[in-house]
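Below is one structure, written out as structure tokens; comments come after it.
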Protein chains: 2
Amino acid sequence: MKRNSKLSSTLHILVHMAEKPEQALTSEQLATFIHTNPVVVRRTIAGLRDAGIVTSSRGHGGGWLLGRAPEKISLAEISVALGETLLPFSTEPESPGCLVEQAVITVLDDFRIAAERLLAEKLSRITLADLTADFRRRFDLIGVSSHAV
Amino acid sequence: MKRNSKLSSTLHILVHMAEKPEQALTSEQLATFIHTNPVVVRRTIAGLRDAGIVTSSRGHGGGWLLGRAPEKISLAEISVALGETLLPFSTEPESPGCLVEQAVITVLDDFRIAAERLLAEKLSRITLADLTADFRRRFDLIGVSSHAV
DNA sequence: TAAATTGTAACTAACTAAGTTACATGAAAC
DNA sequence: GTTTCATGTAACTTAGTTAGTTACAATTTA
């Protein structure tokens with residue numbers, strides 16, 4: 001798994017899970033989808049479990065399942081559950097007492113708040129079902145869903 | 001200078017420059033504002049020079065000046081000139097041939113394009129002059145612009 | 001009881017970005 | 001013209017972050 005690809009890797013995993021709704025997939029299986037190892041998968045999607053987006057079960061026959069229907073899982077929820085901010089620029093004070101810095105931080109934070117609201121709104125309109133529908137269109141056209149490479 | 005604070009540090013520098021429009025400030029002076037060293041400053045704002053936002057001159061009495069009036073410098077231009085993307089999540093393929101991944105990347109890239117347009121639009125409405133005006137309001141109230149810490 | 005699976009802590013490796021050193025280049029002052 | 005002051009930039013070092021790995025306890029089913 002490459003850097004900064006947590007969101008896309010997680011979506012990749014979730015679409016595969018949505019395609020096998022009745023079958024619990026192991027961390028091992030999920031790991032092969034995104035070319036990493038099982039522990040990284042568990043760590044990455046642990047937050048999704050806490051958010052009810054997926055469920056996990058231990059022991060023989062255990063693994064991961066979607067927590068609810070793909071239509072009810074939005075990219076906004078997934079993004080939040082991953083604990084990553086979409087806008088990672090920092091506005092932490094480095095020169096306490098400098099009024100110039102205070103002015104800069106205020107303006108930048110106002111922008112960030114407005115921007116985050118906008119992005120969340122856009123992401124909340126896209127669901128996992130939209131992704132699976134897009135996948136199926138491609139599959140019906142080409143007919144292969146490989147992980148050979 | 002902390003990580004991910006290039007944008008806020010650069011704005012900090014630019015407002016100070018806007019407050020001394022007739023005086024070329026050296027990298028050394030700019031560096032003290034953001035608690036780093038002159039080479040980091042030159043490297044960071046080199047892109048702003050290429051974009052005409054600032055000018056630099058060498059030799060005795062040299063240093064940095066704004067390239068045009070603060071009213072004509074938008075945060076959108078500054079952000080672009082810094083060469084940083086506001087939305088750094090990756091959508092590079094890791095499993096070429098996997099239709100699931102292709103569907104995910106397509107949706108995510110569409111989102112990114114729309115989001116970047118939105119953010120650029122918002123940032124283009126904020127100018128360096130807005131920041132200096134905000135600073136002056138604070139200064140008139142409190143009357144100190146320290147870099148003691 | 002054995003096998004399969006997650007949960008998680010602790011450690012290692014790879015990558016990124018800031019910080020630093022060094023020095024060539026250019027401009028002004030004298 | 002030589003000295004001084006400044007930027008430009010390459011090369012290296014350091015620090016911080018994140019993915020990857022190992023190890024093992026806890027849990028579940030056959």
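Proteins come first, then strands; the chains are lettered A, B, ... in the order of their sequence lines, and each starts at number 1.
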Could you check A:Gly59 against A:Val39 and say which one's nearest nucleotide on DNA chain C is further toward the 5' end?
-> A:Gly59
Taking for each residue the nucleotide of DNA chain C bearing the nearest heavy atom, is the 5' side occupied by A:Glu28 or by A:Arg3?
-> A:Glu28
[atom1] of [X] versus [atom2] of [N]: gap in Å, rounded?
{"X": "A:Trp64", "N": "C:dA4", "atom1": "CH2", "atom2": "C1'", "value": "16 Å"}
{"X": "A:Leu65", "N": "C:dT5", "atom1": "CG", "atom2": "C1'", "value": "13 Å"}
{"X": "B:Phe89", "N": "D:dT18", "atom1": "CZ", "atom2": "C1'", "value": "19 Å"}
{"X": "A:Glu84", "N": "D:dT18", "atom1": "CD", "atom2": "C1'", "value": "11 Å"}
{"X": "B:His60", "N": "C:dT25", "atom1": "NE2", "atom2": "C1'", "value": "17 Å"}
{"X": "A:Arg42", "N": "C:dT5", "atom1": "CZ", "atom2": "C1'", "value": "7 Å"}
{"X": "B:Leu82", "N": "C:dA18", "atom1": "CG", "atom2": "C1'", "value": "15 Å"}
{"X": "A:Ile45", "N": "C:dT6", "atom1": "CD1", "atom2": "C1'", "value": "11 Å"}

Using atom types as modelled and distance alone, determine if a side-chain donor or acceptor of B:Glu116 lies under 3.5 Å from a backbone N or O of B:Leu87.
-> no
Using only side-chain N and O atoms of [X], determine if any of them is under 4.0 Å from OP1 or OP2 of [N].
{"X": "A:Ser56", "N": "C:dG7", "result": "yes"}
{"X": "B:Asn37", "N": "C:dG19", "result": "no"}
{"X": "B:Ser27", "N": "D:dT7", "result": "yes"}
{"X": "A:Thr36", "N": "D:dG20", "result": "yes"}
{"X": "B:Arg49", "N": "D:dG8", "result": "yes"}

Close side-chain approach of B:Leu141 to A:Leu99, heavy-atom, < 4.5 Å | no
Pairwise side-chain contact, B:Trp64 with B:Arg42, heavy-atom cut-off 4.5 Å (strictly under) = yes
Would you name the heavy atoms of B:Ala24 and B:Gln29 that are closest together and state the gap between them?
-> O-OE1, 4.1 Å
Centres of the A:His12 and A:His147 rings: under 6.0 Å?
-> yes
Starting at the 5' end of DNA chain D, which residue's closest nucleotide do you reach first, A:Lys2 or A:Gly61?
-> A:Lys2
Position toward the 5' end of DNA chain D (nearest nucleotide), B:Pro38 or A:Arg58 = B:Pro38
Base C:dG19 paired with B:Arg43 side chain (donor-acceptor, <3.5 Å) = yes
